[in-house]
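By convention here, the first residue in the shown sequence is residue 1. Quick note: numbers below take in every heavy atom, side chains included, and nothing from hydrogens, waters or symmetry partners.
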Amino acid sequence: YYQDHRSEFQIPPRIRVTRITTTDEASGTRMASLLGQGTDPAWLARQHSVDDRRETGGDLGWIKPGGLGFPELDRALYDAEPGTVLGPISVGPNFVVFYVSAREEQGIYPYEQISGNVRQSAFSAKLFQKIHETLYTLREQSEIVVYEDVLEGLSISASQEDKVHSDLSSPGH
């Protein structure tokens with residue numbers, strides 16, 4: 001199963017990100033534009049960023065999926081290639097621009113490290129296949145008859161009042 005489904009067991013890539021935080025959207029837009037023109041992100045961060053990463057040139061280091069805590073941003077970053085600029089994004093009173101400086105694919109998890117997950121995935125796949133086969137067999141062996149005249153005579157209606165009355169008249173009330 002592991003060999004046939006290796007793509008399901010890929011280690012998420014890690015990315016290197018630079019962050020520049022500004023106090024207004026116009027400055028953030030200007031930083032994004034300068035990054036898009038090839039300006040050095042570390043230099044821009046040291047000159048213009050207002051956050052605690054200013055001294056390190058905005059470098060957040062290598063991060064893994066979920067590392068920033070914002071699902072949509074994490075997804076956008078992990079789909080991005082090196083050189084991608086995201087933002088400015090409003091975060092509290094500030095605006096943040098992210099620059100993806102590098103992306104490193106991590107390969108496939110070794111079987112020994114995820115053997116329990118592989119066994120569970122193989123079991124689930126077999127279980128779903130068996131359920132599907134059983135449902136198919138039951139459908140093939142069943143005959144469904146619809147009595148149109150009986151359906152026409154049925155009337156189903158309910159209101160919230162009926163529900164309250166039904167609950168109160170049940171045993172124990």
Side-chain angles (χ1 to χ4, degrees), residues 1-19 21 32 35-36 41 53 58-92 94-173:
Y1 185 88
Y2 175 76
Q3 292 302 327
D4 291 343
H5 297 89
R6 287 176 63 87
S7 64
E8 295 174 27
F9 303 107
Q10 284 193 315
I11 302 170
R14 65 183 193 150
I15 57 172
R16 188 97 190 211
V17 178
T18 299
R19 177 180 73 197
T21 305
L35 286 169
R53 294 292 179 155
D59 185 26
L60 297 181
W62 289 100
I63 60 173
K64 294 183 178 182
L68 296 176
F70 298 97
E72 287 183 32
L73 176 60
D74 281 326
R75 223 178 347 273
L77 285 170
Y78 280 98
D79 289 341
E81 294 298 321
T84 299
V85 178
L86 296 171
I89 299 166
S90 175
V91 178
N94 296 319
F95 291 85
V96 182
V97 178
F98 294 93
Y99 177 80
V100 178
S101 56
R103 176 186 180 93
E104 191 175 273
E105 299 301 327
Q106 299 294 300
I108 307 288
Y109 283 106
Y111 177 77
E112 297 75 27
Q113 189 175 351
I114 59 164
S115 60
N117 294 13
V118 173
R119 280 193 291 279
Q120 181 62 42
S121 294
F123 174 79
S124 293
K126 286 180 185 177
L127 177 63
F128 286 120
Q129 180 181 0
K130 191 66 174 168
I131 290 170
H132 178 73
E133 289 170 0
T134 302
L135 287 173
Y136 180 79
T137 301
L138 289 171
R139 286 183 184 132
E140 288 293 310
Q141 295 173 356
S142 300
E143 181 181 338
I144 298 174
V145 178
V146 177
Y147 297 100
E148 296 290 336
D149 57 330
V150 174
L151 280 176
E152 288 177 18
L154 291 179
S155 174
I156 300 173
S157 67
S159 67
Q160 185 64 27
E161 192 174 283
D162 292 338
K163 166 96 173 94
V164 171
H165 179 69
S166 172
D167 288 345
L168 292 176
S169 63
S170 64
H173 287 293

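Minimum interatomic distance between Gly36 and Val85 (heavy atoms only, all atoms of both residues): N-CG2, 4.0 Å. The minimum heavy-atom distance linking Pro13 with Arg103 is given by the pair CG-NH2, 3.5 Å. In terms of heavy atoms, Val100 sits closest to Ala80 at CG2-CB, 3.9 Å.
Here the OH-OG1 distance, from Tyr99 to Thr18, works out to 7.5 Å after rounding to the nearest 0.5 Å. In this structure, OG1 on Thr21 lies 11.5 Å from CZ on Phe95, to the nearest 0.5 angstrom. Residue Glu105 holds its CD atom at 11.0 Å from CD1 of Ile15, rounded to the nearest 0.5 Å. Within the model, atoms NZ of Lys130 and CG of Leu127 stand 10.5 Å from one another, a figure rounded to the nearest 0.5 Å. A distance of 5.5 Å separates CG of Leu77 from CD1 of Ile63, quoted to the nearest 0.5 Å.
Looking only at distances, a side-chain donor or acceptor of Ser101 sits under 3.5 Å from a matching main-chain atom of Arg16. In terms of modelled atom types and a separation under 3.5 Å, the side chain of Arg53 and the main chain of Asp59 share a donor-acceptor contact.
Surrounding CD of Glu72 are at most 12 heavy atoms belonging to other residues, nucleotides or ligands under 6.0 Å away. By the 6.0 Å contact criterion, CZ on Phe123 is open, its count of non-hydrogen atoms from other residues, nucleotides or ligands being 12 or less.
Checked against Gln129 for a side chain to side chain donor-acceptor pair (under 3.5 Å), the options His132, Glu133, Lys126 give a single hit: Glu133.
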